[in-house]
Amino acid sequence: MINRLVKVNNIDLYDLVFSSTFVIGDSQQARPFSRVIAVQKEGAFYKENMVKFEQFPIFDLQLQETLPEAQIDDRHYHRNTTIHVDSVRIIGISTSSMLQVGSLEYLDAESRVKHIRILRD
């Protein structure tokens, strides 16, 4: 991994939630992970612990392994030793996402979301 100096003039980030990260600089690895059950219910009453992760198979499924990394003999020549960012405007980063200005060796992100809508008859 090639380490470089990072200069950022302005980043306007409104919202960062649910296992997401914002990094200025270099990182060796990142592994954001989240499990979410989102319940939207018509009506005024909601019982706490009404739904549990164990009720939904999506949270128990084994993910497929990615293909092994191919070994490539390459060389990078960076004319400038600095990563310069003038301005970035972001409304939101959510659910195992990442904003990084810099180098990252390894990223393994996972997000599992189950949406439930309970409607009145």
For Phe53 against Val36, the heavy-atom pair lying closest together: CE2-N, 4.0 Å
Are Leu13 and Val88 in one and the same hydrophobic cluster, where Ile, Leu, Val, Met, Phe, Trp and Tyr link if side-chain heavy atoms are under 4.5 Å apart? yes
Identify the two heavy atoms, one from Asp26 and one from Ser103, that lie closest to each other, and give their separation to 0.1 Å. OD1-N, 2.9 Å
For the atom pair CD1 (Ile118) and CD (Glu42), what is the distance rounded to the nearest 0.5 Å? 10.5 Å
Heavy-atom closest contact (Gly25 atom, Gln100 atom, distance): O-NE2, 2.8 Å
Please answer: with hydrophobic residues joined when any side-chain heavy atoms are less than 4.5 Å apart, are Val113 and Val39 in the same cluster? no
Enter the distance from Asp60:CG to Arg112:CZ here, rounded to the nearest 0.5 Å. 8.0 Å
Do the non-hydrogen side-chain atoms of Ile90 and Phe22 ever get within less than 4.5 Å of each other? no
Any link between Ile58 and Val51 through a network of hydrophobic side chains (Ile, Leu, Val, Met, Phe, Trp, Tyr) touching at under 4.5 Å? yes
When every non-hydrogen atom of Arg117 is compared with those of Gln40, the smallest separation belongs to NE-OE1, 3.1 Å
Would you tell me whether Ser97 and Ser20 have side-chain atoms, one donor and one acceptor, within less than 3.5 Å of each other? no
Please say yes or no: joined through hydrophobic side-chain contacts below 4.5 Å, possibly via intermediate residues, are Ile37 and Val17 part of one cluster? no
With side-chain contact (heavy atoms from CB on, under 4.5 Å) as the test, would you mind laying out the steps for His84 and Asn9 before giving the verdict? CA-CA 8 Å; His84 182 82; Asn9 289 340; 3.4 Å; yes
Once rounded to the nearest 0.5 Å, what's the spacing between atom CD of Gln29 and atom CG of Asp108? 9.0 Å
Return the CG to OG1 distance between Leu5 and Thr82, rounded to the nearest 0.5 Å. 4.5 Å
Check the surroundings of atom CG in Leu61: do more than 12 heavy atoms from other residues, nucleotides or ligands lie under 6.0 Å from it? yes
To the closest 0.5 Å, what do you measure between CZ (Arg35) and OG (Ser19)? 12.0 Å
Look up atom CD1 in Ile24 and atom CD1 in Ile83, then write down how far apart they are to the nearest 0.5 Å. 11.0 Å
On a heavy-atom basis, the closest approach of Arg4 and Thr81 is CB-O, 3.2 Å
Locate the shortest heavy-atom distance separating Ala30 from Leu104; write the atom from each residue and the value. N-CD1, 4.1 Å
In one Ile/Leu/Val/Met/Phe/Trp/Tyr side-chain cluster, 4.5 Å: Met98, Val6: no
Phe18 atom CZ, over 12 foreign heavy atoms within 6.0 Å: no
